[in-house]
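These notes are about the structure you will find just below.
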Amino acid sequence: MTKIRKAVFPVAGFGTRLLPATKAQPKEMFPVVDKPVIQYLVEEAVASGIEEIIIVTGRGKRSIEDHFDHSFELEQTLSEKGKKELLKQVTDIAKLAKFVYVRQPMQLGDGHAILCAKEVVGDEPFAVLFGDDIVDNEKPALKQLIEAYEKTGSSIIALEKIDPQDTDKYGIVEPDPSGETEKLLHLIKSFVEKPAPKDAPSNLGVIGKYVVTPAIIKALENALPGKGGEIRLIDGFTELSKTEKVYGYEIQGKRYDTGNKLGLLEASIAYALKRDDLGPQLKKYLKSLVLD
Ligand code: G1P
């Protein structure tokens with residue numbers, strides 16, 4: 001079975017749910033404590049065995065490239081001042097993986113973003129990570145998907161049981177009960193993007209992490225553009241499932257959607273509370289707020 005070596009990160013979106021903060025800054029660079037969200041995702045990918053990170057960028061996203069590059073002046077200054085720990089932190093970022101940047105010239109959907117990376121991914125299975133969802137769990141979320149891929153040899157979509165009232169915020173899948181082999185792994189019969197609660201086939205929502213077989217490229221090329229002429233990854237899965245099995249795997253861990261204001265705040269607080277240098281003080285502060 002081909003090893004999953006590459007991960008595609010579509011990050012060209014506007015981040016409208018975080019406006020006005022995203023007017024001139026990419027949401028992927030917003031910090032959760034002291035690391036940008038996209039660094040958590042790259043670290044998740046690397047900890048899951050990924051060697052090459054393919055970032056599909058767009059206008060206004062240059063700071064992502066700078067973040068994963070060396071910063072000569074900063075490194076020089078930190079070195080001269082003897083700030084060894086900080087120097088290591090900033091230089092290690094550039095060494096995390098091999099980074100490749102592809103530009104998505106127009107925002108024509110997440111499926112279109114993946115097609116922009118077609119030549120770079122080549123003819124092998126790969127991972128796709130959207131820039132919003134970070135999962136706090138000992139075994140990285142992507143590693144869980146890769147293990148499910150290794151069992152099935154099929155494309156795997158990360159799922160979570162969501163609040164049935166929230167189906168219009170997610171892609172929702174219809175599981176095929178005849179294909180149930182183990183508890184968290186579901187064979188998928190159909191996909192529907194953001195249905196109203198009354199039309200949702202289940203409460204299994206798609207979260208932004210996937211492992212896909214190379215056939216997804218043809219499937220996306222064949223998928224009919226949806227509203228606004230967009231090519232959506234979920235429509236690619238509908239197309240792909242005509243020729244291959246597609247599974248969903250219920251991810252273990254606590255997920256934060258950092259693409260919305262509340263999710264970003266929750267992630268920041270939860271990650272800060274776990275830190276020895278910030279946790280006790282923050283806890284005291286939060287308690288004082290609640291008691292006032
Ligand atoms: C995208 C996908 C959707 C998925 C979601 C997860 O939607 O289209 O199927 O559930 O990511 O984060 P977006 O949030 O980009 O509108």
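Both ligands and their constituent atoms are indexed starting at 1 by order of listing.
By the side-chain contact (heavy atoms from CB on, under 4.5 Å) test, Thr22 pairs with Leu18, Leu19, Lys27, Phe30, sequence neighbours left out. Evaluation of the salt bridge (Lys or Arg N to Asp or Glu O under 4.0 Å) rule for Lys161 yields Glu250 as partners, not counting sequence neighbours.
Shortest contact from atom 1 (C) of ligand 1 to any protein heavy atom: Phe130 CE1, 3.7 Å. The closest protein non-hydrogen atom to atom 5 (C) of ligand 1 is Val206 O, 4.0 Å. Considering only non-hydrogen protein atoms, atom 13 (P) of ligand 1 sits nearest to Lys194 NZ, 3.6 Å.
Using a 4.5 Å heavy-atom threshold, the side chains of Thr243 and Lys218 count as separate.
Short contacts between ligand 1 and Tyr170, defined as distances under 4.0 Å to a heavy atom of the residue, involve ligand atoms 10 (O). Counting atoms of ligand 1 from 1 in the listed order, those under 4.0 Å from a heavy atom of Gly171 are 3 (C), 4 (C), 9 (O), 10 (O). Near Gly208, with a cut-off below 4.0 Å to any heavy atom, the atoms of ligand 1 are 6 (C), 12 (O). Near Glu193, the atoms of ligand 1 lying under 4.0 angstrom from a non-hydrogen atom of the residue are 2 (C), 3 (C), 7 (O), 8 (O), 9 (O).
Of the inter-residue distances, the one linking Glu266 atom CD with Lys254 atom NZ reads 6.0 Å to the nearest 0.5 angstrom.
Between Phe130 and Tyr210, the ring center distance clears the sub-6.0 Å criterion.
Contacts of Asp133 with ligand 1, taken as heavy-atom pairs under 4.0 Å, involve the side chain alone. Heavy atoms of Asp110 found under 4.0 angstrom from ligand 1 belong exclusively to the side chain.
Considering backbone and side-chain N/O of Asp132, none are found under 3.5 Å from N/O of ligand 1. Residue contacts with ligand 1: Arg232 is placed with a nitrogen or oxygen under 3.5 Å of a nitrogen or oxygen of the ligand (distance criterion only).
Between Tyr271 and Tyr40, the two ring planes are perpendicular [angle over 60°; tilted spans 30° to 60°].
Look at Asp132 and Arg17 and you find a salt bridge, because one of the NZ, NE, NH1 or NH2 atoms lies within 4.0 Å of a carboxylate O, short of that distance.
Each of His67, Glu28, Glu44 was compared with Gln39 under the side chain to side chain donor-acceptor pair (under 3.5 Å) criterion, and only His67 meets it.
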